[in-house]
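These notes concern the structure reproduced below.
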There are 2 protein chains.
Amino acid sequence: MKAAINLFGERGYENTSVSALAKAAGIGKGTIYSYFSSKNEILLAFCEEELAFVYKEIQSRLDPNASLADKMLLLLMSQFRFITRNKAFGRTLLREMTFPKEMTIDKSRKVEEKFLELFVTLLQEAQQNGELSQHLELTITGGHFYSLYLMALSAWYSGRLLTKEDVQETLELMIEQTLTGLIPREKNAS
Amino acid sequence: MKAAINLFGERGYENTSVSALAKAAGIGKGTIYSYFSSKNEILLAFCEEELAFVYKEIQSRLDPNASLADKMLLLLMSQFRFITRNKAFGRTLLREMTFPKEMTIDKSRKVEEKFLELFVTLLQEAQQNGELSQHLELTITGGHFYSLYLMALSAWYSGRLLTKEDVQETLELMIEQTLTGLIPREKNAS
DNA sequence: TTAAAATCTCGACCAGAGTCAATATTTGAA
DNA sequence: TTCAAATATTGACTCTGGTCGAGATTTTAA
């Protein structure tokens with residue numbers, strides 16, 4: 001893991017071969033494969049550590065008095081900025097996290113769960129404030145916001161959204177829409 | 001392309017090497033790479049044809065009198081069933097479609113655009129029916145439903161949703177939530 | 001008709017992910 | 001202490017995606 005942190009950080013994920021990793025760690029390549037099932041799983045493990053740190057960051061920045069929409073936007077954008085810090089790196093990670101192979105499902109689930117927890121915490125607070133309907137199943141609702149995050153990332157990687165500002169705007173709009181709904185309301189939301 | 005359709009269909013994408021493809025097509029491997037920029041792009045081209053067919057299917061099955069929610073569910077589930085017909089195949093395709101490399105962005109955009117069009121068509125109809133707020137930017141709203149689709153697929157590939165029935169239930173709930181919104185309403189929707 | 005330029009085709013070659021049988025080390029029972 | 005069974009380590013090897021320069025083919029224009 002130390003070798004991974006060094007080399008991935010230095011040359012990036014794609015430009016680091018497993019052999020190089022093994023040499024840097026002073027072990028044989030085969031040994032690596034007896035601890036990780038694939039190169040991607042090393043990446044996942046690497047991110048587990050990084051993400052724990054990012055989550056702490058986010059939680060400390062959350063203004064408890066802000067609206068749910070604002071908090072959600074902060075959460076999504078922080079995560080977005082982290083993951084796209086290095087484009088190729090983020091892509092590989094997202095591919096493996098979002099559509100994992102059987103081989104890496106466990107690790108990927110674990111990382112994802114941590115992320116979903118953040119949503120649920122936020123939503124619980126909002127529900128207590130009355131900002132959110134009481135009858136919602138929060139895991140599902142968490143998934144709902146998670147889906148916006150995936151969408152934004154996909155749009156970014158496909159070039160449909162070009163700048164971080166575009167992403168932020170789109171997310172803002174979608175969060176708003178998610179909260180108020182798409183069908184006509186008799187009363188306008190405040 | 002003919003060789004691809006045969007071999008991918010027969011042995012699957014992962015088990016078909018580019019060399020095998022070349023041999024089956026009776027051309028050199030290098031020649032393939034002067035028409036496609038990567039193996040994944042062959043997959044994308046392969047799917048362009050398949051998907052056009054699926055879209056026709058879907059549109060013919062849509063009952064014009066059904067509610068937007070029902071139509072949307074049909075659309076998402078049809079697509080879901082198609083893509084997960086072969087798990088590994090779908091995974092590779094989704095990875096490349098959702099988080100494409102610069103190399104394949106064009107192809108992937110093209111395929112995706114066709115898919116998004118379906119959403120927009122549906123939404124336009126709904127807007128005319130008064131089932132949808134007038135002031136919505138439909139591209140964004142289309143993206144909104146697209147995001148639910150991604151989410152469902154991700155949950156399926158991660159094993160958070162295990163059966164197609166789970167997926168359908170979750171999508172149903174989320175579509176409902178998307179339409180009515182998450183914040184409390186004074187009046188219940190009819 | 002011809003030959004130079006532009007384009008296309010090819011497969012030997014390279015690099016890197018992942019395998020596996022051989023070897024080294026550790027464990028534990030007598 | 002001993003040695004056999006269990007476990008861990010290793011790097012040579014395989015397989016495949018992708019590259020590239022050499023050579024074949026087509027186009028163009030005189």
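Each chain gets a letter, A, B and so on, in the order the sequences are listed, and its residues count up from 1.
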Would you check if the side chain of [X] reaches a backbone N or O of [Y] as a donor-acceptor pair within less than 3.5 Å?
X	Y	result
A:Ser133	A:His135	no
B:Ser154	B:Leu150	no
A:Thr98	A:Arg95	no

Which pair of heavy atoms, one from [X] and one from [Y], lies closest together, and at what distance?
X	Y	answer
A:Glu131	B:Ile183	O-CG2, 3.4 Å
A:Met97	A:Glu112	CE-N, 3.8 Å
B:Leu148	B:Leu171	O-CD2, 3.8 Å

> Between A:Phe89, A:Tyr13, A:Phe36, A:Phe53, which is the residue that forms a ring-ring contact (aromatic ring centres under 6.0 Å, His included) with A:Phe46?
Replying inline: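 Per the ring-ring contact (aromatic ring centres under 6.0 Å, His included) rule, the option paired with A:Phe46 is A:Phe89, out of A:Phe89, A:Tyr13, A:Phe36, A:Phe53.
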
> Where along residues 38-49 of chain B does a heavy atom come under 4.0 Å from DNA chain D, residue by residue in number order?
Replying inline: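 Residues of residues 38-49 of chain B under 4.0 Å from DNA chain D: B:Ser38, B:Lys39.
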
>> Using a 4.0 Å cut-off on heavy atoms, which residues in residues 2-27 of chain B reach DNA chain D? List them by number, or say none.
In response: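 Heavy-atom cutoff 4.0 Å gives B:Thr16, B:Ser17, B:Val18.
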
> For the pair made of CD1 in B:Ile32 and P in C:dT9, what is the distance, rounded to whole Å?
Replying inline: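 Taking atom P of C:dT9 as the reference, CD1 of B:Ile32 is at 12 Å.
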
> Is a side-chain donor-acceptor pair under 3.5 Å present for A:Ser37 with A:Lys107?
Replying inline: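 No donor-acceptor contact under 3.5 Å links the two side chains.
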
> Among side-chain atoms of A:Lys164 and A:Thr84, is any donor-acceptor pair under 3.5 angstrom?
Replying inline: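 Yes.
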
>> Requiring both pairing distances under 3.5 angstrom, list the stems that contain DNA chain C and are made of three or more consecutive Watson-Crick or G-U pairs.
In response: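 As far as DNA chain C goes, consecutive pairing (with distances under 3.5 Å) yields the stems C:1-30 with D:1-30.
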
> Going through the checks in order, is the side chain to side chain contact (heavy atoms under 4.5 Å, CB included) test met by B:Asn40 and B:Met103?
Replying inline: CA-CA 10 Å; B:Asn40 277 1; B:Met103 197 176 249; over 6 Å; no

Nucleotides 19-21 of chain C: which of its N/O atoms have a protein N/O under 3.5 Å away?
none

> Does the distance from a Lys or Arg side-chain N to an Asp or Glu carboxylate O, for B:Arg91 and A:Glu102, drop under 4.0 Å?
Replying inline: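 The answer is yes: the pair qualifies as a salt bridge.
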
Identify all pairs in which a protein N or O lies below 3.5 Å from an N or O of nucleotides 25-27 of chain C, and state each distance.
none

>> With side-chain contact (heavy atoms from CB on, under 4.5 Å) as the test, pick out the partner of B:Leu75 among B:Ile58, B:Thr121, B:Asp70.
In response: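 Single side-chain contact (heavy atoms from CB on, under 4.5 Å) partner of B:Leu75 among B:Ile58, B:Thr121, B:Asp70: B:Ile58.
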
>> Could you walk me through whether B:Glu172 and B:Gln168 satisfy the side chain to side chain contact (heavy atoms under 4.5 Å, CB included) test, starting with their C-alpha distance in whole Å, then the side-chain angles of each, then the deciding distance to 0.1 Å, before giving a yes or no?
In response: CA-CA 6 Å; B:Glu172 238 174 302; B:Gln168 173 144 356; 3.8 Å; yes

>> Distance check, rounded to the nearest 0.5 Å: B:Leu182 atom CG versus A:Ile140 atom CD1?
In response: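 Nearest 0.5 Å value for the CG-CD1 distance: 11.5 Å.
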
>> Quick one, A:Glu96 with A:Ser108, criterion side-chain hydrogen bond (donor to acceptor under 3.5 Å, both in side chains). Give me CA distance, side-chain angles, the key distance, then yes/no.
In response: CA-CA 7 Å; A:Glu96 200 59 45; A:Ser108 110; over 6 Å; no

> Aromatic rings B:Phe115 and B:Tyr55: how do their planes relate, parallel, tilted or perpendicular, breaks at 30° and 60°?
Replying inline: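 Parallel: the ring planes of B:Phe115 and B:Tyr55 meet at under 30°.
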
> If you look at every strand shown and take non-hydrogen atoms under 4.0 Å, does A:Phe36 touch a base, only sugar-phosphate, or nothing?
Replying inline: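 No contact.
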
> Among residues 86-101 of chain B, which contact DNA chain C at a heavy-atom distance under 4.0 Å?
Replying inline: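 None - not one residue of the stretch has a heavy atom sitting under 4.0 Å from the strand.
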
> Any side-chain heavy-atom pair from B:Ile27 and B:Tyr35 closer than 4.5 angstrom?
Replying inline: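 Result no, sub-4.5 Å side-chain heavy-atom pair not found.
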
